[in-house]
Amino acid sequence: MKASRAPYLFPSLLNSLLHSLRARLLFFLLASILVATLVQGVVAYRSTLHQTDQIFDAQLVSTATSLTAGDGLLSATPMPAINTAPADDLIIQIWTASGARLFKSRTGKLLPDPVVLGFSDVRVDTSTYRVYAVASPFQVTQVAQDMKVRKDTARALALRTVGPIAAAAPLLMLVVWFVVGASLRPLRRTRAELAARQPEALDPVDEGGLPDEILPLVRELNLLLDRTRHAFALQKRFVGDAAHELRSPLAALRLQLQALQRPIDAQAHQVALGRLASGIERASRLIEQLLSMARHDAATDTLPAQRVDLAEVARQAIADVLAEANAHDMDIGMDGAPHAWVHGNSDALALLLRNLLDNAIKYTPRGGRIDIILENTATGARLLVDDSGPGVPEQERERVFDRFYRLANHDEVGSGLGLSIVRAIAERHGASVRLDAAPALGGLRVRVDFPPA
């Protein structure tokens, strides 16, 4: 025997109402139409009943007044001329002033003697009658009507009023059903478009025909897809460039290893070991810079808003590269303002300065000089790194910021990532980087202008 599905129907409907915009709209709109129809029917019935009460009461008064002989036309003798009621649903009874019955209509039950002049409700057996009694010096006239007649008439009139509304309600529900479905059709189209996409498809979503309430959401989604597509393009290019750049040092390491594996004399062996160590150092440095670049590419555009002293960052960077500078007999000096405050991330700024110092050490001849100068300007803080090296030709000063771009005619073999990392970090701090000629040392000057802290 199959179990009934009724216990599972209500939770399913409730879940649909809670999570489906279409189901929620249809439920509340259709329920509103149904409730409005019922309320209008009840109001129409009660209003019609009230109006029919007034009309029938006026009929009772008019009939009783027309039958009252206030001028003595009716005597104590019976009235053969008045032998029927003006309406089939009215009960008419006439008494003399002494209480003798003069007349009773042929239809209806016999009502009790009048005890209340004016309007009253009288219960006879299982029926209730609306009675109006009026007195004159010569007679008392009583006109009554069964309340069932009034209710039946009011019900018939109310049905005529509500009938067209009740008949139009299902049609209105169908119209609402169609309008809601048609209004949500662009959403279903967008959902189907996204569901059919492949993971690598990052084209913008079609915005045509979308309602104003959904259009901003789709536009934000398209902006996100555009940023994701741009990030994927950068990543793809970065991976390709990195693979190309790593191929050369790895091939050189393989050749040096093969040279060590061949039988050679001690002096050649030492030369090969030196070249192998140098190759390993260059490969390690390249991998380190690649990781730094990838880490900063993946970082968010908003860095922690903390106050950083560039003087402290500079001292830390000098300490990091001091051993290498001493190995090249270089003098690193620091001058200018004792403090220069910026908003940013201290680790990222330390990496920026280390890359500048690494480049200066690498391209400055042995025994050269490097100066770090801090300045506080009206527009913020300024960092200057001067060296006594060969500098960069003016036509090349913008291209050296490209990834993996290296100057020709230089003995030092670098990765071409140092200045690219510098610019990326500077842009995340709202700073600008510019290359000039060092006025005092004659080499390259790197100027980084930071916004005010």
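Throughout, numbering of the chain's residues begins at 1 and tracks the sequence.
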Which of these, Asp121, Asp53, Asp146, sits in a side-chain hydrogen bond (donor to acceptor under 3.5 Å, both in side chains) with Arg130? Asp121
When rounded to the nearest 0.5 angstrom, what distance separates CG in Leu310 from CD in Glu375? 12.0 Å
Identify all side-chain donor-acceptor contacts of residues 30-42 below 3.5 Å with residues at least two apart in sequence or on another chain.
unit_1: Ser32; atom_1: OG; unit_2: Phe28; atom_2: O; d: 2.6
unit_1: Thr37; atom_1: OG1; unit_2: Ile33; atom_2: O; d: 2.8

Rounded at 0.5 Å granularity, tell me how far CD1 in Ile361 sits from CZ in Arg354. 12.0 Å
Could you grab the distance from atom CG of Asp335 to atom CG of Asp386, nearest 0.5 Å is fine? 10.5 Å
Is there a side-chain contact between Val385 and Asp371, using heavy atoms and a 4.5 Å cut-off? no
Shortest non-hydrogen pair, Trp341 vs Ala381, comes out as O-CB, 4.1 Å
Mark yes or no for whether Ser66, through its side chain, and Thr63, through its backbone, hold a donor-acceptor pair below 3.5 Å. yes
Calculate, to the nearest 0.5 Å, the distance between atoms CZ and CG belonging to Arg428 and Leu352 respectively. 12.0 Å
Working to the nearest 0.5 angstrom, can you tell me the gap between Asp358 CG and Tyr363 OH? 11.0 Å
Give, for atom CG of Leu351 and atom CG of Asn355, the distance between the pair rounded to the nearest 0.5 Å. 5.0 Å
Taking side chain as C-beta onward, heavy atoms only, is Thr96 less than 4.5 Å from Gln139? no
Are Asp436 and Arg434 packed together at the side-chain level, in the sense that at least one heavy-atom pair is separated by less than 4.5 angstrom? yes
Closest non-hydrogen atoms of Pro338 and Ala311, given as atom of the first, atom of the second and distance, are O-CB, 3.2 Å
In terms of heavy-atom contacts, Ala426 and Val433 come closest through CB-CG2, 3.4 Å
Should the ring pair Phe450 and His429 be called parallel, tilted or perpendicular, given that the plane angle runs from 0 to 90° and is split at 30 and 60? perpendicular
Looking only at non-hydrogen atoms, find the nearest pair between Leu384 and Arg447 and report the distance. CD2-CG, 3.1 Å
Do Asp57 and Arg150 meet the salt-bridge criterion of a basic N to acidic O distance under 4.0 Å? yes
Below 4.5 Å, heavy atoms only, C-beta onward: do Leu357 and Ile370 meet side chain to side chain? yes
Flag, side chain of Ser62 to backbone of Ala58, donor-acceptor distance under 3.5 Å: no
Looking at every non-hydrogen atom in both residues, tell me the closest pair between Val131 and Ala144 and how far apart they are. CG2-CB, 3.7 Å
Considering all heavy atoms, the nearest Gln306-Ser346 contact: NE2-N, 3.8 Å
Please determine which of Val313, Asp449, Val448 meets the side chain to side chain contact (heavy atoms under 4.5 Å, CB included) test together with Leu383. Val448
